[in-house]
Engineer: 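This is the structure I want to talk about, given as structure tokens.
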Amino acid sequence: MARAAGSVQDARPPERSSMSVRVRFAPSPTGHVHIGNIRAAILNWLFARHEGGQFLLRVEDTDRERSTPEAVQTLLAAMQWLELEPDEEPVYQSTRRPRHDAAVAAMIERGLASRITPDGPAVLHMTSALFDPSFVTESRHPVEIDVSQAETAISAPGVAVTTRGAGREAVTERLNWDALTDLEIATADAATHSGAALRARAGESREPVALESLLGSRPVSLRFRRRFVHYDDLVLGRLEKPLDSIRDLVIARADGSPVFHLANCVDDHEMGVTHVLRGNDHVENTYRHLFIYRAMGVTPPQFGHFPMILNDRGRPYSKRDGDAYVGDFQARGILPDCLFNFLALCGWSPGDDREVMSKAEMIEAFTLDRVVKSGAQLNMKKLLWMNQRYIAAMPPEKLQAALRGELRRAGRDPDAVDPAWFAFLAEQMRPRLRTLAEFPVETACFFDEDVTIDDKARRKVLLANGGAGLDVLRRVREPLAAAGDWTVASLETAITAFLEASGLEIGQVAQPLRVAVTGRAASPGIHETLFLVGRERTLRRIAEALRSE
RNA sequence: GACCCCAUCGUCCAGAGGCCUAGGACAUCGGCCUUUCACGCCGGUAACACGGGUUCGAAUCCCGUUGGGGUCGCCA
């Protein structure tokens, strides 16, 4: 992949056996993986799979402070959890320093970049040597600025020409002569000066120059055509920006280390990346990167930018928002497939009404032209709803395994209970769970020896109406104790018989039982609940509820 | 501030000039089911930011305004 330094003209794209798509996810490991970031990985992955291409990972670990081995592990773990395994070995940017240095050296050697001062940073110059018709064009119509009328300082939109001192003195602020074309300046004495002449007189200076001092007369009007940088964004469409608003670019720091832009372009090129798909915050960078690729003498990849993810107030995510890291969702018991699905749908849709989709379906439907342009606010309630749907669809064994994990995390031993009993409990809880993490707290009454009765439930169900609930408990206790093998069926039989004998309604009996036995007003069906709590604990809890009256 | 981008129910998305009396999902409200809580089912409320054009016809195209976001580092 190494290439000798040479002129811009002789360079060409890297040799690739096929034109197959290669995309990459290029995060810098910070110890946390933000969902906006992992969403970028998801969309890249989806695109690669849809196109039958490769999904690569480049760890941008050049920041030694933050990029600890642990931070890298966190990143890899998050990707594994979501099944976003890259198709090739991860590339660690820190190992690529020699290539970056070589690229900088080559640009300097070609005269495209230079160090302004010997111990200063290396700067890529935005000169016409870098302008390629494939991404730099000239505006058709000239811009005309009347300087003489200016009372105070004026600044033409986007043009780095400013008149100061009540219009007396026109100053070019770091004027990039190459950003403008066909520059003509008319002066008070009616003479007209061309940009080329002035440029020569200014000695190609990139420092502020007073036009007046070059002209020897006060400028009256400026006339020029602007140059534009442009490219076709895969999701945003045709984008352009006046060149005069883009300044020379630092590519290597004074200490010689490459800056992000340089390293990014060099690595993407040498990894054979064909499509750079990243967040919206990089669109402005893209214009600069185009020049870096040009300076490298290579064809740039294609670019696509998807919208940013916003917090629930509709504002950009910041560290203060919290709960926006992949690990947080995992800890809350969001299923990986669900988070994947949800995040994929954040800024993209298949074009029809499908929402809960398998990865295969998403891959099949994924195209960049269906990526939305505007920012997407996360709808956490919808995430919970979707997670509930995923839980509902889990195979029983998988559900049980996942719930066992939650139990362990909560400090309980899921292996201490009867597997059949646990399987039954899992199925009873399935429709009642929005997240896996809810399981241990919702089912504590089935695992603990004793239960604490919720005050509100006690008042409403047991103590109301002169203690009618307690009265029911007193009367149902014996028939229950007599229930034979304590199965759901036998409990149903016993309770039904009690209802007939007592003339009570099921509701009058079930709620007091539920509260006494679970401590709360909500649980699975009463027969199922009693079965799960078991004979011994059921009778004991009823007795306790009566005693603490 | 300059430049660039974006703009449909509270939120996410559908809509690529007539199929729109604007559709779906979450949330919300009401009802059904039901021993509770959920699940499930049925129904309701709710949006084309504003103003000009273009057109026989505009949520869809153009211009402006407003609002939001992004970028302006020897951070990534």
Side-chain angles (χ1 to χ4, degrees), chain A residues 26-28 30 60-63 66-67 93 115 120-123 155-160 229 233 235-237 239-247 249-264 279-288 305 307-310 312 314-316 342 345-356 369-370 372-386 388-389 391-392 428-434 442 457 460-461 495 499 504-515 518 520-527 529:
Chain A
S28 50
T30 60
E60 307 215 327
D61 57 347
T62 50
D63 184 339
R66 291 188 298 171
S67 301
Q93 191 166 59
R115 292 184 192 280
V123 170
S155 173
V159 182
V229 204
D233 193 280
V235 347
L236 265 8
L239 259 30
E240 66 172 20
K241 194 180 173 73
L243 192 54
D244 43 77
S245 66
I246 298 179
R247 300 198 166 159
L249 179 66
V250 171
I251 52 175
R253 303 184 185 89
D255 68 5
S257 61
V259 303
F260 158 76
H261 304 289
L262 190 277
N264 204 261
N280 235 334
D281 49 339
H282 282 295
V283 311
E284 304 281 329
N285 287 337
T286 304
Y287 298 114
R288 304 164 168 196
H305 295 88
M308 308 293 286
I309 288 184
L310 310 173
D312 49 19
R315 317 216 50 113
F342 182 74
L345 249 32
C346 192
W348 173 80
S349 82
D352 48 40
D353 286 339
R354 283 178 296 169
E355 292 196 313
V356 178
D369 60 351
R370 294 219 55 87
V372 160
K373 297 180 183 178
S374 50
Q377 191 173 328
L378 250 33
N379 188 167
M380 290 304 170
K381 288 196 171 169
K382 188 161 186 172
L383 206 215
L384 293 177
W385 164 81
M386 187 176 277
Q388 190 164 39
R389 294 291 303 273
I391 289 175
Q428 287 300 310
M429 293 307 294
R430 185 197 287 269
R432 279 162 246 266
L433 257 26
R434 291 189 305 174
E442 297 291 324
K460 188 176 175 192
V461 179
I495 289 177
L499 292 180
L504 291 166
E505 293 293 323
I506 178 73
Q508 297 173 281
V509 176
Q511 272 311 78
L513 272 175
R514 189 185 324 275
V515 170
T518 68
R520 25 168 67 208
S523 82
I526 194 63
H527 311 124
T529 297

Engineer: Side-chain contact, heavy-atom cut-off 4.5 Å: A/Leu378 with A/Cys346?
Structural biologist: yes
Engineer: Under 4.5 Å between any side-chain heavy atoms of A/Trp348 and A/Val372, yes or no?
Structural biologist: no
Engineer: Only pairs with both distances under 3.5 Å count, Watson-Crick or wobble alike; so what is the partner of B/C26 in this structure?
Structural biologist: B/G10
Engineer: Would you say A/Asn285 and A/His261 make side-chain contact, with heavy atoms under 4.5 Å?
Structural biologist: yes
Engineer: Picking from B/G70, B/C37, B/G24, which would you name as closest to the side chain of A/Ala522?
Structural biologist: B/C37
Engineer: What interatomic distance, in whole Å, is found between C1' of B/U21 and the corresponding atom of B/A46?
Structural biologist: 15 Å
Engineer: Would the A/Phe260 and A/His282 ring centres measure less than 6.0 Å apart?
Structural biologist: yes
Engineer: Would you indicate what A/Val250 reaches in the nucleic acid, counting non-hydrogen atoms under 4.0 angstrom: base, sugar-phosphate, or nothing?
Structural biologist: sugar-phosphate
Engineer: Output, in order, the C-alpha distance, side-chain angles, deciding distance and verdict of side-chain hydrogen bond (donor to acceptor under 3.5 Å, both in side chains) for A/His305 and A/Asp233.
Structural biologist: CA-CA 7 Å; A/His305 295 88; A/Asp233 193 280; 2.6 Å; yes
Engineer: Touch check for A/Leu239, heavy atoms < 4.0 angstrom, all strands: base, sugar-phosphate only, or nothing?
Structural biologist: sugar-phosphate
Engineer: If only side-chain N and O atoms of A/Arg370 are considered, is one of them under 4.0 Å from the OP1 or OP2 phosphate oxygen of B/A14?
Structural biologist: yes
Engineer: For the P atoms, the ones on B/G44 and on B/U35, what distance do you get once it is rounded to whole angstrom?
Structural biologist: 28 Å
Engineer: Which part of the nucleic acid, if any, lies within reach of A/His261 when heavy atoms closer than 4.0 Å are counted: base, sugar-phosphate only, or nothing?
Structural biologist: base
Engineer: Starting from P on B/C12, measure out to NZ on A/Lys381 and report it in whole angstrom.
Structural biologist: 15 Å
Engineer: For A/Pro524, answer base if it contacts any base atom (sugar-phosphate contacts may also be present), sugar-phosphate if it contacts only those atoms, and nothing otherwise; contact means non-hydrogen atoms under 4.0 Å.
Structural biologist: base
Engineer: Is the closest side-chain heavy-atom distance between A/Leu513 and A/Thr518 below 4.5 Å?
Structural biologist: no
Engineer: At 4.0 Å (heavy atoms only), tell me whether A/Val123 reaches a base, stays on the sugar-phosphate, or touches nothing.
Structural biologist: nothing
Engineer: Going by heavy atoms in the side chains, are A/Pro350 and A/Leu345 under 4.5 Å from each other?
Structural biologist: yes
Engineer: For A/Asn285 and B/C3, what is the distance between atoms CG and C1' respectively, to the nearest whole Å?
Structural biologist: 14 Å
Engineer: So which nucleotide from B/C74, B/G69, B/A7 ends up closest to the side chain of A/Arg315?
Structural biologist: B/G69
Engineer: NA contact type, A/Gly314, heavy-atom cut-off 4.0 Å: base, sugar-phosphate, or nothing?
Structural biologist: nothing
Engineer: Report which part of the nucleic acid A/Glu240 touches: base, sugar-phosphate, or nothing (heavy-atom distance under 4.0 Å, all strands).
Structural biologist: sugar-phosphate
Engineer: Give the nucleotide from the list B/C74, B/G69, B/C12 with an atom nearest to the side chain of A/Gln377.
Structural biologist: B/C12
Engineer: Which base sits across from B/G1 as a Watson-Crick or G-U pair, both distances under 3.5 Å?
Structural biologist: B/C72
Engineer: With both distances kept under 3.5 Å, what pairs with B/C50, Watson-Crick or G-U wobble?
Structural biologist: B/G64
Engineer: Between B/C72, B/U35, B/C74, which nucleotide has the shortest distance from any of its atoms to the side chain of A/Ile526?
Structural biologist: B/U35
Engineer: Looking only at the side chain of A/Ile506 (C-beta and beyond, no hydrogens), which of the listed nucleotides B/G69, B/A14, B/U35 gets closest?
Structural biologist: B/U35
Engineer: Between A/Leu310 (CG) and B/G67 (P), how many Å, whole number?
Structural biologist: 18 Å
Engineer: How many Å lie between CG on A/Asn379 and C1' on B/U28, as a whole number?
Structural biologist: 12 Å
Engineer: Return the value, rounded to whole Å, for the distance between atom CG of A/Leu243 and atom C1' of B/C4.
Structural biologist: 14 Å
Engineer: Give the nucleotide from the list B/C4, B/U36, B/A76 with an atom nearest to the side chain of A/Glu284.
Structural biologist: B/C4
Engineer: Once you apply the 3.5 Å cut-off to both distances, tell me the Watson-Crick or G-U wobble partner of B/A16, or none.
Structural biologist: none
Engineer: Is A/Arg389 paired with A/Glu355 through a side-chain N to carboxylate O contact shorter than 4.0 Å?
Structural biologist: no
Engineer: What's the CG-P distance between A/Leu236 and B/G70, to the nearest Å?
Structural biologist: 14 Å
Engineer: With a 4.0 Å cut-off on heavy atoms, is A/Ala376 in touch with a base, just the backbone sugar-phosphate, or nothing at all?
Structural biologist: sugar-phosphate
Engineer: Considering only heavy atoms from C-beta outward, does the side chain of A/Gln511 approach that of A/Lys460 to under 4.5 Å?
Structural biologist: no
Engineer: Base, backbone or nothing for each nucleotide of nucleotides 39-48 of chain B, written B, S, -, heavy atoms under 4.0 angstrom, 5' to 3'?
Structural biologist: S---------
Engineer: C1' atom, B/G69 versus B/A49: distance in rounded Å?
Structural biologist: 16 Å
Engineer: Side chains of A/Met308 and A/Pro316, heavy atoms from C-beta outward: is any pair under 4.5 Å?
Structural biologist: no
Engineer: Does a donor on one side chain and an acceptor on the other come within less than 3.5 Å for A/Asn264 and A/Glu60?
Structural biologist: yes
Engineer: Taking OP1 and OP2 of B/A14, is either one under 4.0 Å from a side-chain nitrogen or oxygen of A/Ser349?
Structural biologist: yes
Engineer: Using a cut-off of 4.0 Å on non-hydrogen atoms, how would the nucleic acid contact of A/Ser28 be classed: base, sugar-phosphate, or nothing?
Structural biologist: sugar-phosphate
Engineer: Kindly write out the residues that satisfy side chain to side chain contact (heavy atoms under 4.5 Å, CB included) with A/Leu310, not counting sequence neighbours, or none if the list is empty.
Structural biologist: A/Gln377
Engineer: Taking for each residue the nucleotide of RNA chain B with the nearest heavy atom, is it A/Ala510 or A/Lys241 whose nucleotide lies nearer the 5' end?
Structural biologist: A/Lys241
Engineer: Which whole number of Å gives the distance between the C1' atom of B/G15 and that of B/A58?
Structural biologist: 13 Å
Engineer: Looking only at the side chain of A/Tyr287 (C-beta and beyond, no hydrogens), which of the listed nucleotides B/C4, B/U36, B/C6 gets closest?
Structural biologist: B/C4
Engineer: Counting only side-chain N and O atoms of A/Arg434, is one of them less than 4.0 Å from OP1 or OP2 of B/C26?
Structural biologist: no
Engineer: With nearest nucleotide decided by heavy atoms, which residue, A/Lys373 or A/Lys382, maps closer to the 5′ end of RNA chain B?
Structural biologist: A/Lys373
Engineer: Tell me if the side-chain of A/Arg520 makes a donor-acceptor pair with the base of B/U36, cut-off 3.5 Å, by modelled atom types.
Structural biologist: no
Engineer: Calculate the interatomic distance between A/Phe342 atom CZ and B/A25 atom P; express it in whole Å.
Structural biologist: 16 Å
Engineer: Give me the distance, rounded to whole Å, that separates B/A22 from B/C4 when you measure between the P atoms they each carry.
Structural biologist: 37 Å
Engineer: Using the C1' atom on both, measure B/G31 against B/G10 and round to a whole Å.
Structural biologist: 23 Å
Engineer: Taking B/G24 as the reference, what is the distance to B/A38 when you measure between their C1' atoms (whole Å, please)?
Structural biologist: 24 Å
Engineer: How far, in whole Å, is B/C3 from B/U11 if one measures between their P atoms?
Structural biologist: 29 Å
Engineer: Let me know the distance between CG of A/Leu345 and P of B/C12, rounded to the nearest Å.
Structural biologist: 13 Å
Engineer: At 4.0 Å (heavy atoms only), tell me whether A/Leu384 reaches a base, stays on the sugar-phosphate, or touches nothing.
Structural biologist: nothing
Engineer: For B/G40, which nucleotide in any strand shown is its Watson-Crick or wobble partner with both distances under 3.5 Å?
Structural biologist: B/C32
